[in-house]
Amino acid sequence: MEHFAGKQHTVEYEVYAGNKTEFRTYEVQVAVFGEDFNQPPTIETLRVRLSDEEYVLLLQWQLQNTGAGFNVCYEELDDVSVSIECQIEEKIFGDNVVGTYAVYLTEVMRDVASIMNKQNG
């Protein structure tokens, strides 16, 4: 929580029906594979919207599972994982199309490294 409280957040705003809503966003990288799976993927950097609670849960999970990748967190953080995937699929593929991709939690991993360095240093 200490790390999260001091974190510089990236914020997006959305105006709907005259109301301005603030969203905190977090960086992820997505390896998008084409039709030929043997070809290298293209890497896209995106920002996904997460609530403070979702991000803290994801950060805590990653700290407890430092060697695990995004796909593993489904067991404990299904709602957060689904939210991230829906946002990625909407931004990269559009309506009713789902491609083959892998997710790297870039900002979470940076924060984990920062927290671990502070604890070890």
Side-chain angles (χ1 to χ4, degrees):
M1 290 306 293
E2 179 184 324
H3 178 81
F4 187 77
K7 181 174 177 54
Q8 287 290 108
H9 295 280
T10 301
V11 177
E12 290 181 356
Y13 298 94
E14 189 172 289
V15 177
Y16 180 74
N19 296 317
K20 186 176 181 180
T21 306
E22 176 181 298
F23 298 95
R24 291 188 179 178
T25 63
Y26 300 92
E27 183 180 327
V28 297
Q29 288 181 302
V30 183
V32 181
F33 294 87
E35 293 295 319
D36 183 353
F37 193 76
N38 293 307
Q39 294 298 312
T42 57
I43 307 299
E44 303 223 13
T45 300
L46 305 172
R47 300 203 66 82
V48 294
R49 295 176 177 178
L50 296 172
S51 69
D52 292 352
E53 179 181 289
E54 289 172 325
Y55 190 76
V56 168
L57 285 171
L58 197 55
L59 184 60
Q60 289 171 336
W61 177 86
Q62 192 68 67
L63 282 163
Q64 294 170 354
N65 300 278
T66 54
F70 176 73
N71 290 349
V72 180
C73 76
Y74 269 97
E75 293 175 25
E76 297 176 44
L77 302 174
D78 185 49
D79 290 344
V80 178
S81 301
V82 169
S83 173
I84 291 170
E85 283 193 337
C86 287
Q87 291 178 67
I88 288 170
E89 290 169 7
E90 182 179 303
K91 290 177 181 184
I92 293 178
F93 303 111
D95 293 337
N96 301 319
V97 177
V98 178
T100 303
Y101 62 94
V103 178
Y104 182 74
L105 301 170
T106 311
E107 192 161 341
V108 170
M109 297 304 282
R110 271 197 308 259
D111 288 348
V112 165
S114 175
I115 291 166
M116 299 300 274
N117 284 338
K118 286 179 184 175
Q119 288 180 348
N120 295 330

F23: which other cluster members, linking ILVMFWY side chains closer than 4.5 Å, directly or transitively? none
Connected hydrophobic set around F37, excluding itself, where side chains approach under 4.5 Å: F33
List in chain and number order the residues that pass salt bridge (charged side-chain N to carboxylate O under 4.0 Å, His left out) with E76, two or more places apart in sequence or in another chain; answer none if no residue qualifies. none
[atom2] on [Y] to [atom1] on [X], rounded to 0.5 Å:
| X | Y | atom1 | atom2 | answer |
| --- | --- | --- | --- | --- |
| Q62 | C73 | CD | SG | 8.0 Å |
| I43 | Q29 | CD1 | CD | 7.0 Å |
| L50 | L58 | CG | CG | 7.0 Å |
| E44 | T42 | CD | OG1 | 5.0 Å |
| L59 | Q64 | CG | CD | 10.0 Å |
| Q60 | N65 | CD | CG | 11.5 Å |

I want to check something: taking the side chain as every heavy atom from C-beta on, are V30 and L46 in contact at a cut-off of under 4.5 Å? yes
Within-4.5 Å side-chain heavy-atom neighbours: Y26 and Y55: yes
Check residues 80-92 and write down every donor-acceptor pair under 3.5 Å in which the side-chain atom is one partner and the other belongs to a residue at least two apart or another chain.
{"residue": "S81", "atom": "OG", "partner": "L77", "partner atom": "O", "Å": "3.0"}
{"residue": "S83", "atom": "OG", "partner": "Q87", "partner atom": "NE2", "Å": "3.2"}
{"residue": "E85", "atom": "OE1", "partner": "Y74", "partner atom": "OH", "Å": "2.3"}
{"residue": "E85", "atom": "OE2", "partner": "Y74", "partner atom": "OH", "Å": "2.7"}
{"residue": "Q87", "atom": "OE1", "partner": "R49", "partner atom": "N", "Å": "2.6"}
{"residue": "Q87", "atom": "NE2", "partner": "R49", "partner atom": "O", "Å": "2.9"}
{"residue": "Q87", "atom": "NE2", "partner": "S83", "partner atom": "O", "Å": "3.4"}
{"residue": "E89", "atom": "OE2", "partner": "Y101", "partner atom": "OH", "Å": "2.6"}
{"residue": "K91", "atom": "NZ", "partner": "R47", "partner atom": "O", "Å": "2.2"}

Check the pair I115 / L63 against side-chain contact (heavy atoms from CB on, under 4.5 Å), numbers first and verdict last. CA-CA 9 Å; I115 291 166; L63 282 163; 4.0 Å; yes
The complete set of salt bridge (charged side-chain N to carboxylate O under 4.0 Å, His left out) pairs with one or both residues in residues 25-37, sequence neighbours excluded, reads E27-R110
Which atoms form the tightest heavy-atom contact between T100 and F93, and what is the distance? N-CZ, 4.4 Å
Closest approach of T66 to M109 (non-hydrogen atoms, all atoms of both residues): O-CE, 4.3 Å
Check step by step if side-chain contact (heavy atoms from CB on, under 4.5 Å) holds for W61 and V56. CA-CA 8 Å; W61 177 86; V56 168; over 6 Å; no
My understanding is that only residues two or more places apart in sequence, or in another chain, count here; which of them pass side chain to side chain contact (heavy atoms under 4.5 Å, CB included) with Y16? none
